[in-house]
Amino acid sequence: PPPPPPPPLFFFKPTTAYYISLGLVGSEMCIRDSAYKSNLSLLVLDDLERLLEYVSIGPRFSNVVLQALLVLIKRQPPKGKKLLVIGTTSNKLVLDDMGLTDAFDATVSVPSLTTDEATAVIKEIEAFRVEDVDAACAMLDHQTPIKKLFVLLELARHGRSDHDAMDDANAISLDRWINCMEDLST
């Protein structure tokens, strides 16, 4: 028989609460095994408090998921494999209390973007036509979290109709952006 194909060079899997709950097996996660199929992997655990089913009223969370995450993050990858685990949160103090931040090697605080920084991001990803960038950015708050900016842009892109498409198929029309921002402000 022919030799098996080589493993992928890179594995990337953004993980949500839904997939974590599906992937729990005892105190470990199946997703980690998928990450080890390649030599270099990145696992993003977005919104850790949601993965933990945390609610501030109570406060309550899933200890089973917490223990599984601790094992997932702390366990060293097999020899010859590298795994970078990135977790995001908007409530670091809660994760501190649970002991989850201690499982990571580093903690990086990401401040909100100023209007100038948000403008630079929007220009870099070419979200709008050049002549619409300043008007679009004027509708943002003075301090905008990067995740919120990307969510707003994605909402505006998904709501785009065929007649909104301009010369640049990826650009969001200013009218669509204004409608989206008005809809979200009510």
Side-chain angles (χ1 to χ4, degrees), residues 8 10-122 124-125 127 137 139-156 180-181 184-185:
F10 181 74
F11 174 81
F12 170 73
K13 177 72 175 177
T15 303
T16 63
Y18 174 75
Y19 290 112
I20 288 288
S21 64
L22 289 179
L24 281 175
V25 177
S27 64
E28 303 225 29
M29 294 184 195
C30 297
I31 193 111
R32 189 174 182 100
D33 295 332
S34 297
Y36 289 148
K37 289 180 182 175
S38 65
N39 293 332
L40 184 62
S41 301
L42 171 65
L43 180 61
V44 178
L45 302 171
D46 189 23
D47 200 356
L48 281 166
E49 53 274 36
R50 179 151 306 168
L51 295 174
L52 291 162
E53 301 173 4
Y54 174 79
V55 290
S56 58
I57 301 171
R60 296 183 184 176
F61 65 94
S62 170
N63 191 51
V64 171
V65 175
L66 174 61
Q67 296 308 314
L69 286 172
L70 288 169
V71 168
L72 169 77
I73 296 165
K74 288 182 178 182
R75 190 172 61 163
Q76 293 297 311
K79 188 174 181 175
K81 306 287 184 176
K82 293 183 180 183
L83 174 63
L84 174 63
V85 179
I86 297 176
T88 69
T89 183
S90 57
N91 197 342
K92 182 182 175 293
L93 294 176
V94 168
L95 301 184
D96 286 342
D97 289 345
M98 294 179 189
L100 193 55
T101 52
D102 293 336
F104 289 92
D105 293 329
T107 303
V108 178
S109 178
V110 179
S112 294
L113 301 174
T114 64
T115 305
D116 289 342
E117 292 166 335
T119 301
V121 169
I122 285 172
E124 181 67 28
I125 64 172
C137 292
M139 298 190 74
L140 293 171
D141 295 332
H142 294 291
Q143 295 287 315
T144 305
I146 186 77
K147 187 173 182 177
K148 180 179 179 181
L149 176 61
F150 284 133
V151 167
L152 291 171
L153 291 169
E154 193 63 26
L155 287 171
C180 184
M181 295 298 282
L184 294 172
S185 68

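For this chain, numbers begin at 1 and follow the sequence in order.
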> Can you tell which of Leu42, Leu43, Leu40, Asp105 makes a side chain to side chain contact (heavy atoms under 4.5 Å, CB included) with Leu84?
Replying inline: Leu42
> What are the two closest non-hydrogen atoms of Leu140 and Ala118, and how far apart are they?
Replying inline: CD1-CB, 3.8 Å
> Can you list the steps and then say if Ile122 with Thr119 is a side chain to side chain contact (heavy atoms under 4.5 Å, CB included)?
Replying inline: CA-CA 5 Å; Ile122 285 172; Thr119 301; 5.8 Å; no
>> Return the CD to OG1 distance between Gln143 and Thr114, rounded to the nearest 0.5 Å.
In response: 6.5 Å
> In Å and rounded to the nearest 0.5 Å, what is the CG to CD distance from Leu149 to Glu117?
Replying inline: 11.0 Å
>> Using 0.5 Å steps for rounding, measure from the CG atom of Asp97 to the OH atom of Tyr54.
In response: 8.0 Å
> Atom CG of Leu100 and atom NZ of Lys92: how far apart are they, to the nearest 0.5 Å?
Replying inline: 11.0 Å
> What's the spacing between Ile73 CD1 and Leu45 CG if we round to 0.5 Å?
Replying inline: 6.0 Å
> What pair of heavy atoms forms the shortest contact from Ile86 to Phe104, and how long is it?
Replying inline: C-CE2, 4.4 Å
>> Looking at every heavy atom in both Ala103 and Leu70, which two are closest together, and how far apart are they?
In response: CB-CD2, 3.9 Å
>> For the CG atom of Asp46 and the OG1 atom of Thr88, what is their distance to the nearest 0.5 Å?
In response: 3.5 Å
>> Minimum heavy-atom separation for Cys180 and Ala156, please, with both atom names.
In response: SG-N, 3.9 Å
> Below 4.5 Å, heavy atoms only, C-beta onward: do Leu52 and Glu49 meet side chain to side chain?
Replying inline: no
> Do side-chain atoms of Thr89 reach the backbone of Asp47 as a donor and acceptor pair under 3.5 angstrom?
Replying inline: no
> What are the two closest heavy atoms between Met181 and Met139, and how far apart are they?
Replying inline: CE-O, 3.4 Å
> Closest approach of Thr115 and Cys137, non-hydrogen atoms and distance?
Replying inline: CG2-O, 4.1 Å
